[in-house]
Amino acid sequence: MVRRISPIARAALFALLFTPWPAPLLAQTYQSAAVCATCHIEIHRTWQGSQHATAFTDPAFRLPYDRLRRDNPRKTFTCEQCHNPMRFLLAQDDPRAAVFSREGVTCDFCHSVSSVDARGPFPRYRMKPGVRYGPRPEHSGKGPHVTKSSRLHITSEFCAGCHEFRNEHGVAILSTTSEWEKSFYRGTGVHCQFCHLPELFDARFIDGKKKKGPIDHAMVGGRSRERLARAIPIRTRLVLAGKEVRVVVSVKNELVGHATPTGIPTHRLRLAATLFDAAGNALGRREETFERVVGDGTGKALTRPEEIFVSAREVLKDTRLQPKETREVRFSFPAGKEAPATASVALTYEIPTPDTAPTLRYIEIPVANQVVTAEAGWARGKAVVFAAAAILAFLAWLLFRKAAKNRA
Ligand code: HEC
Ligand code: HEC
Ligand code: HEC
Ligand code: HEC
Ligand code: HEC
């Protein structure tokens with residue numbers, strides 16, 4: 001009697017022969033990240049520090065969530081679809097539920113996904129427990145567990161099930177995926193993974209072939225100062241125009257694959273310009289924010305995350321920078337008695353702290369700082385005048401010569 005060995009049996013055999021991990025990894029069920037950590041050490045380390053790992057536990061989520069649970073408990077069901085997704089995959093009385101809640105968006109959630117209906121009703125993800133889907137065809141069938149390669153895992157569609165959300169009033173609360181879809185990145189095949197899941201080590205083998213090393217799962221966004229500085233450059237000019245002093249700043253969304261800021265409409269970018277005289281006294285200060293603000297339907301802005309998700313009925317303002325957009329911001333100051341000497345410009349990424357009392361406070365991440373001196377502004381102005389005068393003189397000389405020749 002000849003029977004084909006099923007992939008699971010084959011993997012079990014492999015596991016029994018070659019690894020100390022026969023049982024848990026081959027059961028058709030989900031495992032804790034702690035199990036994966038024994039082999040995928042680097043990946044686990046980077047994931048552990050990510051917002052995904054703390055999606056259900058970190059205070060920034062927990063405080064709004066607990067307020068909602070107190071005031072409107074039926075609505076918390078939606079939050080958990082993305083912040084505690086394992087809950088819906090386990091039986092009600094499963095003792096592992098508590099373990100998985102502490103792991104937020106865990107390894108076996110993402111790696112058991114077989115398909116997604118990114119804009120459909122919840123649950124949007126279809127799962128195959130016991131199968132670990134990964135990006136690399138050459139690893140299909142390898143490892144002590146059942147491993148399958150999946151094209152879905154290297155596309156934006158995969159992230160979209162959680163990174164795109166309209167509330168029941170039809171207001172887009174999370175639109176990162178559709179912002180990306182409208183951008184040039186989609187056309188050029190640059191998916192979320194290209195920027196958010198880079199290789200950890202760029203190791204090369206002796207034969208020159210590039211090894212595909214483990215992938216960084218930290219998935220950092222606006223919390224990384226270095227990333228922000230590279231992605232959103234600024235250029236400042238100080239222009240003296242008669243009765244007015246203008247600080248002109250061009251801010252470019254150079255390398256962000258979607259609007260910036262994206263995601264939950266509580267994060268914002270703030271651009272501030274301060275004008276100083278030669279003695280260092282501030283002569284004036286102006287500000288501009290790039291943000292999306294949603295309202296309750298009567299024009300009142302909502303700032304608490306739980307209200308934003310549940311009660312937003314309108315978009316009051318959207319001044320975010322779209323992919324590749326350059327925005328020129330002009331701050332004008334009246335030219336006073338004191339001549340301006342320098343202008344200092346700062347771009348800051350701001351994330352509200354979890355507490356909301358008595359007013360909102362922000363964690364401030366510096367993105368860019370520039371100081372320009374008025375001399376540069378004056379000098380440029382002078383240079384332009386000088387060049388214009390020189391050209392005029394040359395033209396006059398030409399005319400004069402021509403007239404002289406004609407006379408001769
Ligand atoms: C006993 C060691 C071990 C444990 C524990 C383990 N894996 Fe693996 N895993 C491997 C090996 C070996 C491979 C084959 C690819 C390789 O050599 O990197 C692999 C491959 C994978 C792949 C496919 C990678 C690709 O390149 O496409 C995924 C996804 C994966 N594992 C996820 C997990 C998850 C999730 C867990 C925890 C539930 C886990 N693994 C636990 C050893 C392990
Ligand atoms: C199961 C749902 C889920 C999936 C799938 C998912 N995410 Fe997330 N992601 C979240 C949640 C929830 C947060 C916010 C966690 C928090 O701050 O409480 C988050 C946060 C992030 C952040 C950090 C945001 C910040 O404020 O710093 C980045 C970057 C990110 N995700 C990228 C991705 C990418 C890229 C993918 C696809 C490869 C992906 N996510 C797939 C749910 C998900
Ligand atoms: C938010 C979803 C998400 C979570 C959570 C997640 N992964 Fe991944 N993982 C991915 C995606 C997407 C890729 C493919 C990235 C690519 O190739 O561009 C990937 C790639 C991998 C790979 C193959 C690449 C490699 O480095 O060998 C392994 C193995 C892996 N993940 C294991 C894990 C483990 C272990 C954990 C938990 C500690 C984990 N993942 C958590 C989405 C996730
Ligand atoms: C071309 C590179 C690039 C691509 C493609 C890209 N991102 Fe980003 N992403 C960034 C950069 C840079 C930042 C940091 C700046 C910011 O937060 O605006 C960021 C920030 C984020 C954040 C954090 C927002 C916050 O509030 O802090 C999330 C979440 C995110 N991206 C998700 C995604 C998802 C989902 C996709 C795919 C649909 C994607 N990104 C595609 C570069 C990219
Ligand atoms: C469709 C999936 C989804 C749903 C539903 C969802 N969230 Fe989120 N949530 C996310 C993602 C993704 C982020 C990361 C946003 C970003 O920065 O781009 C996030 C971020 C947050 C943050 C900011 C956390 C931080 O670290 O700054 C809070 C607070 C939050 N969500 C609360 C809630 C509450 C409360 C609910 C339920 C009313 C909810 N979310 C429903 C996906 C979701």
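Source: prediction; values computed, not measured. Counting starts at 1 for both ligands and their atoms, in listed order.
- Proximity of Gly257 to ligand 4 is established by a heavy-atom distance of less than 4.0 Å.
- Between Ala34, Ala33, Cys39, Pro144, it is Pro144 that holds the heavy atom closest to atom 10 (C) of ligand 1.
- For the 3.5 Å distance criterion, the side chains of Arg96 and Thr29 qualify, holding a donor opposite an acceptor.
- Interatomic distance, Leu269 CG to Thr289 OG1, rounded to the nearest 0.5 Å: 9.5 Å.
- The shortest heavy-atom distance from Phe194 to ligand 4 is not under 4.0 Å.
- Every atom of ligand 2 with a heavy atom of Tyr125 under 4.0 Å away is listed here by number and element: 5 (C).
- In summary, His258 places an N/O/S atom under 2.8 Å from atom 8 (Fe) of ligand 4, meeting the contact criterion.
- Look at His40 and atom 8 (Fe) of ligand 1: an N/O/S atom of the residue is under 2.8 Å from the metal.
- Ring centers of Phe56 and Tyr65: under 6.0 Å apart, within the cut-off.
- At a 4.0 Å heavy-atom cut-off, ligand 4 touches Leu228 through the side chain alone.
- Residue contact check for ligand 2: Val113 places no non-hydrogen atom closer than 4.0 Å to it.
- At least one heavy atom of Pro135 sits closer than 4.0 Å to an atom of ligand 1.
- Taking each of Glu157, His196, His163 in turn, the one with a heavy atom nearest to atom 33 (C) of ligand 2 proves to be His163.
- Selection from Lys148, Arg132, Arg136 by nearest heavy atom to atom 28 (C) of ligand 1 gives Arg132.
- Annotation: atom 38 (C) of ligand 2 to nearest protein heavy atom, Cys159 SG, 2.7 Å.
- Residue contact check for ligand 1: Tyr133 places a non-hydrogen atom closer than 4.0 Å to it.
- Atom 8 (Fe) of ligand 1 lies closest to atom NE2 when only the N/O/S atoms of His145 are considered.
- Between atom 17 (O) of ligand 1 and the options Lys142, His139, His153, the minimum heavy-atom separation is to His139.
- In this structure, the ring of Tyr362 has its center no less than 6.0 angstrom from the ring center of Tyr349.
- For a threshold of 3.5 Å applied to N or O pairs, the pair formed by Asp108 and ligand 1 contains no separation below that value.
- The closest approach between any non-hydrogen atom of His191 and ligand 4 is below 4.0 Å.
- Residue-to-ligand polar distances keep Gln31 apart from ligand 1: every N/O pair is separated by 3.5 Å or more.
- A heavy-atom separation below 4.0 Å is not found between Phe56 and ligand 2.
- Ligand 2 places these atoms under 4.0 Å from at least one heavy atom of Cys192: 35 (C).
- The shell of residues lying under 4.0 angstrom from ligand 2, judged by heavy atoms, includes Cys82.
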